[in-house]
Protein chains: 2
Amino acid sequence: MNGSGYNVERNDHICFSVTQFERGETMDRRKEIILAATRSFSMFGYKATTMDQVAKIAKVGKGTIYTFFSNKEELFQEIVRSTIREMRSEAEAVIDPEEPFRLKAHQALMKMLEFREQHALLGKLIEEEKEIRTQAVQEMLLEVEDEIVGFIAGKLKMAIERGEVRPCDPKLVAYMLFKSYLAFVIEWPETRGEPLKEETIANLFNETLFRGLLA
Amino acid sequence: MNGSGYNVERNDHICFSVTQFERGETMDRRKEIILAATRSFSMFGYKATTMDQVAKIAKVGKGTIYTFFSNKEELFQEIVRSTIREMRSEAEAVIDPEEPFRLKAHQALMKMLEFREQHALLGKLIEEEKEIRTQAVQEMLLEVEDEIVGFIAGKLKMAIERGEVRPCDPKLVAYMLFKSYLAFVIEWPETRGEPLKEETIANLFNETLFRGLLA
DNA sequence: TGATTGACCGAATCGGTCAACTGGTCATTA
DNA sequence: TAATGACCAGTTGACCGATTCGGTCAATCA
């Protein structure tokens with residue numbers, strides 16, 4: 001653990017021989033495994049994904065997986081965490097500190113809505129947590145929620161200090177934003193059939209919550 | 001079905017003899033059954049409530065229940081629907097048309113938070129749907145969601161026409177209000193341990209969403 | 001005579017068992 | 001020496017008899 005909010009794994013077990021590393025073979029194997037596992041987790045969920053299956057799709061022996069990841073759960077965590085890291089850095093990248101709060105919020109939201117594949121993974125995991133309550137999935141989703149809510153809350157806190165946003169409890173508002181986002185992106189399509197247009201969702205947030213937050 | 005949004009059952013099977021009806025005995029039996037079933041559904045949920053149990057609590061023979069309700073699911077629907085009707089009329093009662101939108105919204109929200117404490121039924125059903133996915137409960141909760149979202153959307157539409165609320169898609173905003181409400185009332189206590197104070201929730205809504213909706 | 005009842009029935013559910021599967025290891029291989 | 005897949009122990013879920021439950025109806029009651 002470090003103080004930045006991310007868990008940085010101790011990767012002692014990843015020790016490349018120079019030749020292999022130079023030829024890029026080891027990284028390819030690792031990447032293939034992650035790619036295969038990501039696809040399988042997205043399609044079948046955590047529990048229904050077998051390590052044999054991952055090995056087969058990645059075209060490696062099962063034992064090879066265990067030279068990179070100490071067990072199934074760690075492979076899973078690595079995938080979900082790097083997904084979240086990627087989303088976070090893209091969000092940061094799209095936020096221009098010079099712009100007003102509402103525009104920044106709108107742009108960040110639009111950027112998040114672009115992550116279709118990542119949404120597919122999270123959607124599958126949420127489904128699995130609802131239907132079979134896999135413990136590893138439950139724990140991971142809680143971590144994801146904390147991570148995202150914490151991120152949003154941090155941004156809100158700064159905006160409040162800058163006087164751009166009226167004083168409020170950033171944690172609660174961030175929680176509301178996150179849950180509303182999930183409701184529209186994941187739950188609405190499930191019960192109402194058709195997913196909402198990205199623009200529709202972004203405009204809705206912009207015209208209600210983002211507007212209501214302004215100082 | 002009729003057009004008003006409620007299902008009005010064809011009650012051909014309820015034919016009172018004049019004497020019994022005058023003595024109020026038939027209505028008492030029906031009420032006792034509904035009371036017993038409401039208590040049992042609230043305490044144990046739909047699946048764990050047996051018809052023998054309901055008959056015992058209501059102090060009637062099991063067969064008597066089937067003279068009023070054609071099966072367990074219909075009894076259940078009758079109870080949930082009348083609970084929703086009650087919620088609806090309590091909400092209507094607390095809304096003073098003369099008051100400004102934000103105050104009405106705030107008061108209705110407070111009333112709902114209060115209602116929830118007195119009526120454990122819906123909370124129990126949400127718990128059951130999450131834990132054992134009883135189909136009858138799932139279907140009923142979807143109907144409840146539609147009913148409530150429709151109700152809120154109607155109020156919003158009127159407020160928009162009155163010029164009190166800025167133009168927006170009432171269905172989407174109502175959905176967001178409903179889902180946020182559930183997030184704070186049901187999910188927050190589950191993952192964060194302590195439930196939020198009613199006042200905290202109501203103020204949060206008031207200071208963000210309700211404010212953002214104003215024309 | 002018509003309302004009420006609870007014993008009864010078939011269907012659904014439960015708990016217990018065991019074969020099949022899965023995560024993880026490690027001796028063998030190239 | 002990195003990669004592998006046969007192998008092992010622990011877990012799972014398909015299967016099955018026993019039990020419970022929703023719903024019926026002939027007998028009872030007022």
Side-chain angles (χ1 to χ4, degrees), chain A residues 13-33 36-37 40-41 44-79 128 131-137, chain B residues 11-33 36-37 40-41 44-79 128 131-137:
Chain A
H13 55 289
I14 304 180
C15 312
F16 315 106
S17 76
V18 176
T19 42
Q20 277 193 334
F21 182 78
E22 278 172 351
R23 274 184 287 152
E25 285 176 4
T26 299
M27 284 314 279
D28 275 0
R29 287 193 131 76
R30 191 184 147 91
K31 271 186 186 150
E32 283 303 320
I33 291 167
S40 190
F41 286 142
F44 310 114
Y46 177 78
K47 199 178 173 190
T49 290
T50 69
M51 295 302 261
D52 281 298
Q53 197 178 29
V54 172
K56 207 169 177 182
I57 299 175
K59 282 176 226 152
V60 298
K62 186 163 61 157
T64 308
I65 299 177
Y66 290 88
T67 64
F68 295 108
F69 306 95
S70 62
N71 54 44
K72 185 183 180 183
E73 190 167 349
E74 201 183 90
L75 169 62
F76 176 60
Q77 290 171 346
E78 166 67 28
I79 285 172
E128 180 169 353
E131 289 189 0
I132 50 179
R133 326 222 101 186
T134 318
Q135 207 205 344
V137 173
Chain B
N11 285 332
D12 343 313
H13 57 287
I14 304 180
C15 311
F16 314 106
S17 76
V18 176
T19 41
Q20 279 193 331
F21 182 78
E22 278 171 351
R23 273 185 285 150
E25 286 176 6
T26 299
M27 283 314 279
D28 274 359
R29 287 195 129 76
R30 193 184 146 90
K31 273 186 186 151
E32 282 304 320
I33 291 166
S40 189
F41 286 142
F44 309 115
Y46 177 77
K47 200 178 173 192
T49 290
T50 70
M51 295 303 262
D52 283 295
Q53 196 178 29
V54 172
K56 207 167 177 183
I57 299 174
K59 281 174 228 155
V60 297
K62 186 160 64 157
T64 307
I65 300 177
Y66 289 89
T67 64
F68 295 108
F69 306 94
S70 62
N71 54 44
K72 185 183 179 183
E73 191 168 347
E74 201 184 90
L75 169 61
F76 176 59
Q77 290 172 345
E78 165 70 27
I79 285 171
E128 180 170 356
E131 288 189 1
I132 50 179
R133 325 226 92 192
T134 319
Q135 208 206 341
V137 173

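Being a predicted model, the structure only gives us computed values, none of them experimental. Just so we're on the same page: letters track the sequence lines, and every chain starts at 1.
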Candidate nucleotides C/dT5, D/dC7, D/dG23, ranked by approach to the side chain of B/Lys62 - the nearest: D/dG23
Between A/Glu128 and A/Lys47, is any pair of side-chain heavy atoms under 4.5 Å apart? yes
On the nucleotide D/dA3, are OP1 or OP2 found under 4.0 Å from the side-chain N or O atoms that A/Arg30 carries? no
Counting side-chain heavy atoms from CB outward, which of D/dA3, D/dG22, C/dT5 is closest to B/Thr64? C/dT5
Between CG of B/Asn71 and C1' of D/dT24 the distance, given in whole Å, is 13 Å
Of the listed nucleotides (D/dT4, D/dG23, C/dG24), which one gets closest to any side-chain atom of A/Val60? D/dT4
Looking only at the side chain of B/Lys72 (C-beta and beyond, no hydrogens), which of the listed nucleotides D/dA6, D/dG22, D/dT4 gets closest? D/dG22
Would you kindly give the CE-to-P distance between A/Met51 and D/dG10, to the nearest whole Å? 19 Å
Measure from CG on A/Asp52 to P on C/dG24 and round the result to the nearest Å. 12 Å
Distance (rounded to the nearest 0.5 Å) between B/Ile65 CD1 and B/Met51 CE: 4.5 Å
Nucleotide D/dC21, atom P - distance to CG of B/Leu75 in whole Å: 16 Å
For DNA chain D, whose closest nucleotide is more 5', that of A/Gly63 or that of A/Lys47? A/Gly63
Check: A/Ser40 side chain, A/Thr49 main-chain N or O, donor-acceptor pair, under 3.5 Å: no
So what does A/Thr50 touch, heavy atoms closer than 4.0 Å: a base, only the sugar-phosphate, or nothing? sugar-phosphate
Side chain proximity check, B/Gln53 to B/Phe44, heavy atoms < 4.5 angstrom: yes
Atom-pair distance (CZ on B/Phe44; P on D/dC21), nearest Å: 12 Å
What's the CD-C1' distance between B/Glu73 and D/dG22, to the nearest Å? 12 Å
Given atom CZ of A/Phe68 and atom C1' of D/dA3, what is their separation to the nearest angstrom? 10 Å
Flag the pair B/Arg133 and A/Glu131 as a salt bridge only when some basic side-chain nitrogen lies within less than 4.0 angstrom of an acidic carboxylate oxygen. yes
May I have the distance from B/Gln135 (atom CD) to D/dG22 (atom P), rounded to whole angstrom? 16 Å
